[in-house]
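Everything numeric in this text was worked out from a predicted model, so none of it was measured. Position 1 is the first residue of the sequence, and the numbers go up from there.
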Amino acid sequence: MSYRAPVKDMLFDIQYLANIEQVAQLPGFEDAGLDTAQAVLEECAKFNEGVMAPLNRVGDLNHPQFKDGHVSSSPGFKEAFAQFTAGGWQGLQHPVDVGGQGLPKTIGTACTEMLHSANMSFALCPMLTDGVIEALIIAGSQEMKDTYLEKLVDGTWTGTMNLTEPQAGSDLALVRSRAEPQADGTYKVFGTKIFITWGEHDMVDNIIHLVLARVPGAPEGVKGISLFVVPKFLVNKDGSLGARNDVYSVSIEHKLGISASPTSVLQYGDHGGAVGYLVGEENRGLEYMFIMMNAARFGVGVQGISIAERAYQKAVQYANDRVQSRPVDGSIAASAPIIHHPDIKRMLMTMRASTEGCRALALSAAAAYDGAHHHTDADARKQNAAYYDFMVPLVKGYSTEQSLEITSLGVQVHGGMGFIEETGAAQYYRDARILTIYEGTTAIQANDLVGRKTARDGGQTAKSIAAEIAKTESALLQSGSVAAKSIAKQLAAARTAFLEVVDFVVANIKTKPNDVFAGSVPYLMLSGNLIAGWQLARSVLVAQEQLAAGCDDATFMQAKIITAQFYAEHILSKAPNMGQSIVAGGASVTALPLTSF
């Protein structure tokens, strides 16, 4: 089916929930108000609907080909990448002084969602390049910036991140790749890296790898890891390409989903050592790589939203077309399109409400990122940074976990036809399955939420968010509508459960760590559920005001209210029980003896 970018919903969130006009008051973003956002999003929609979306199924059926160390991308991808870079999309939210357009993350996030919805396999390539750009801007030397940034930003070259090894997945303390210092200040890098997304391909002439490795005498564990730039081709002083570096793809993986994205096993140093350049200082590599990982984690969360949107659109189309059974209310005397059946509506509403809630969560977080990096007031920067940091594991963890349910429901709406590959619904389910795993599993995001984002500050950031949610509850009750009262009731119950869990985490993390971390993923899911529900509740206040003022699009605003009420009554309503399982159920998670499993 054709993809239609949800520009109207994105602009609603950008205008009213992310407050784009406030973002546009930040230094450097003066020209990035609502008019700019609309123009950029509409142009982005045209590109993704017309160029990228038609290649999605093509890539799923025609995988990249590996031969003698070379990878040929899926048909049409190389030409599409040329159009992508010609449109300036790679540099959309990167600084002007390195060749980017300097737009805020608030706008960039919506564009990222469109690209991933249209073609997730393709979109992984620029997403990883974005991470390399951010890491070099913050931690790279001036020479590195001069050598690589402009060509990464304009899409002449692409980038990768190299962490995982056969024996070292999420536990990077086990990294064995080594880097030997040379007399000229470079290093020779040796080792094997696996699961390297777009680690080898034919869409550009050079690929810039960021690689974790150990130098001689480095401390054991994560404190002994350094970060290196290792280009596929060495770069001459005049910017031209030099000799081929000693890094080669020895295979690409055969995967459940995202099949058009070549995932390489890269071998470093089989022919004397790959030339690498130290980023920053020795033994601080993981610290620098976290810059890239944080960007990628947020990006993966947006992937979850994007694949959910694509699955929802396809399910709605099928539900309108598929004729099967008479409606239970007798409204139609013959077999009717299945969208008339209550349970189909329930599934579609679940898909719709969850997707819109996660989108609102991500865009509000993006606005906080912009404030954290560009606000002139130090306290405002600190508050925005705290909110964004708290949101990253939720955007990544909650949105991707929801995408599994949403894409599964998409298959269910199709019935038996959903299990048949030719209908296309199964691809979204397969593609979504990796999202809760790479760039840190949901459990890793949850551990981050518990340890760094909740316990470290005694729950203060979490409680400050809860205080803002309480203000929204009051506003809903004051508005007086039936929907607003229902939403306020569910929001208050979820907020109360959230605060009980926060207190439980802070009080028990040192004395009962197993009990706390046994509930870490449920805590993440409760938190994501609450904050997505809060953002939808905020949208109700806006929609009611717009309707009272006689807005032009009453149908859209009414749908906003109905969708938020459904979310509150069918999804947010699960939060109190989740809270109880966290606070009271930790012991039963770990009680069974290991020999009994």
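Side chain to side chain, T160 and N162 meet the donor-acceptor criterion of an N or O pair below 3.5 Å. Using modelled atom types and a 3.5 Å distance limit, the side chains of D379 and Q383 yield no donor-acceptor pair. Side-chain N/O atoms of Q65 and S72 include no donor and acceptor closer than 3.5 Å. K193 and T164 are not linked by any side-chain donor-acceptor pair at a separation below 3.5 angstrom, with hydrogens and angles left out of the test. Between the side chains of S177 and E165, at least one donor-acceptor pair of N or O atoms lies under 3.5 Å.
Heavy-atom minimum distance, V247 versus P231: CG1-O, 4.1 Å. Across G76 and L55, no two heavy atoms sit closer than the pair O-CD1, 3.5 Å. The minimum heavy-atom distance between K188 and G272, with the atom names listed, is NZ-O, 3.6 Å. For the residue pair V58 and P75, the shortest heavy atom distance occurs at CG1-O, 3.8 Å. Annotation for M127 and G299: closest pair SD-C, 3.8 Å, computed over non-hydrogen atoms. Nearest heavy-atom pair, N384 versus A368, reported as atom, atom and distance to 0.1 Å: CB-O, 3.2 Å.
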Report the C-alpha separation of Q445 and V521 in whole Å, then their side-chain angles, then the decisive distance to 0.1 Å, and conclude whether the side-chain contact (heavy atoms from CB on, under 4.5 Å) test is met. CA-CA 8 Å; Q445 309 305 318; V521 169; over 6 Å; no
After noting the C-alpha distance and the side-chain angles of E21 and Q25, does the key distance pass the side chain to side chain donor-acceptor pair (under 3.5 Å) rule? CA-CA 7 Å; E21 295 302 344; Q25 295 175 19; over 6 Å; no
Go through the steps for V132 and M292 under the test side-chain contact (heavy atoms from CB on, under 4.5 Å), then give the verdict. CA-CA 6 Å; V132 174; M292 192 173 186; 3.0 Å; yes
Is there a side chain to side chain donor-acceptor pair (under 3.5 Å) between S74 and N62? Walk through the geometry before answering. CA-CA 6 Å; S74 296; N62 301 275; over 6 Å; no
side-chain contact (heavy atoms from CB on, under 4.5 Å) between I14 and Q38, intermediate numbers included: CA-CA 10 Å; I14 287 172; Q38 181 169 349; over 6 Å; no
Let's go through T156 and V204 carefully: what are the C-alpha distance in whole Å and the side-chain angles of both, what is the deciding distance for side-chain contact (heavy atoms from CB on, under 4.5 Å) to 0.1 Å, and is it a yes or a no? CA-CA 6 Å; T156 301; V204 295; over 6 Å; no
What's the verdict on side chain to side chain donor-acceptor pair (under 3.5 Å) for Q267 and T192, showing C-alpha distance, side-chain angles and the deciding distance? CA-CA 5 Å; Q267 189 67 33; T192 303; 2.7 Å; yes
Side chain to side chain donor-acceptor pair (under 3.5 Å) between Q313 and E309: does it pass, once the steps are laid out? CA-CA 6 Å; Q313 289 189 20; E309 174 66 34; 2.8 Å; yes
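Of the possible polar contacts, one joining the Q101 side chain to the G88 backbone as a donor-acceptor pair under 3.5 Å is found. Judged by distance alone, the side chain of R214 and the main-chain N or O of S226 form no donor-acceptor pair under 3.5 Å. A donor-acceptor pair is defined here as one N or O able to donate and one able to accept, closer than 3.5 Å; no such pair exists between the side chain of K314 and the backbone of G410. Using a distance-only test at 3.5 Å, with no hydrogens or angles considered, no donor-acceptor pair links the side chain of S240 to the main chain of N236. A distance-only check finds no donor-acceptor pair linking the side chain of T441 to the backbone of I437 [under 3.5 Å]. Not one N or O on the side chain of S264 forms a donor-acceptor pair closer than 3.5 Å with the backbone of L266. When atom types are taken as modelled, the side chain of T147 and the backbone of E143 share a donor-acceptor pair closer than 3.5 angstrom. For the pair T129 (side chain) and G159 (backbone), a donor-acceptor distance under 3.5 Å is present. The backbone N or O of T106 sits less than 3.5 Å from a side-chain atom of D370, completing a donor-acceptor pair.
Atom CZ of F47 is surrounded by more than 12 heavy atoms from other residues, nucleotides or ligands within 6.0 Å. Counting non-hydrogen atoms of other residues, nucleotides and ligands closer than 6.0 Å to CZ of F390 gives a total above 12. The number of heavy-atom neighbours closer than 6.0 Å to CZ of R244, taken from other residues, nucleotides and ligands shown, is above 12. Applying the 6.0 Å contact sphere to CG of D31 captures no more than 12 heavy atoms from other residues, nucleotides or ligands. Counting heavy atoms of neighbouring residues, nucleotides and ligands inside a 6.0 Å radius, atom CG of D146 exceeds 12 of them. Other residues, nucleotides and ligands contribute over 12 non-hydrogen atoms within 6.0 Å of the CD atom of E30. Other residues, nucleotides and ligands place more than 12 heavy atoms under 6.0 Å from the CD atom of E134.
Between R430 and D60, at least one side-chain nitrogen of the basic residue sits less than 4.0 Å from a carboxylate oxygen of the acidic one, meeting the salt-bridge criterion. Using a cut-off of 4.0 Å between Lys/Arg side-chain N and Asp/Glu carboxylate O, K396 and E439 are scored as not salt-bridged. A salt bridge links R178 with E180; the closest basic N to acidic carboxylate O contact falls under 4.0 Å. One finds a salt bridge joining D9 and R359 here, because a Lys/Arg side-chain nitrogen approaches an Asp/Glu carboxylate oxygen to under 4.0 Å.
Using a 4.5 Å cut-off on side-chain heavy atoms (C-beta onward), P64 and S73 make no contact. Side chains of D270 and Y248 form no contact here, defined as non-hydrogen atoms less than 4.5 Å apart. Using a 4.5 Å cut-off on side-chain heavy atoms (C-beta onward), N206 and I208 make contact. Between D205 and F233, every side-chain heavy-atom pair lies at or beyond the 4.5 Å cut-off. The shortest side-chain heavy-atom distance between L149 and M144 does not fall under the 4.5 Å cut-off.
In this structure, F81 and F122 have tilted ring planes: the angle between them lies in the 30° to 60° band. Classification of the Y388-F298 ring pair by plane angle, with boundaries at 30° and 60°, yields tilted.
Between the CD1 atom of I20 and the OG1 atom of T36 there is a distance of 8.5 Å, given to the nearest 0.5 Å. Here M203 contributes atom CE and T85 contributes atom OG1; the two are 9.5 Å apart, rounded to the nearest 0.5 Å. The CG atom of L394 sits 12.5 Å away from the CD atom of E401 when rounded to the nearest 0.5 Å. Of the inter-residue distances, the one linking F77 atom CZ with S261 atom OG reads 8.5 Å to the nearest 0.5 angstrom. With rounding to the nearest 0.5 Å, the separation of CG in D431 from CD in Q303 is 9.5 Å. In this structure, the separation between CD1 on I133 and CD on Q93 is 9.5 Å, given to the nearest 0.5 Å.
Applying the ring pair (Phe, Tyr, Trp, His ring centres under 6.0 Å) criterion to W198, with sequence neighbours excluded, gives H201. Residues satisfying the ring pair (Phe, Tyr, Trp, His ring centres under 6.0 Å) criterion with F228, sequence neighbours excluded, are Y187.
Here the options are D246, N245, V211, the test is side chain to side chain contact (heavy atoms under 4.5 Å, CB included), and the partner is Y268; only V211 passes.
Aromatic rings from H70 and F66 are positioned such that their centres are separated by 6.0 Å or more.
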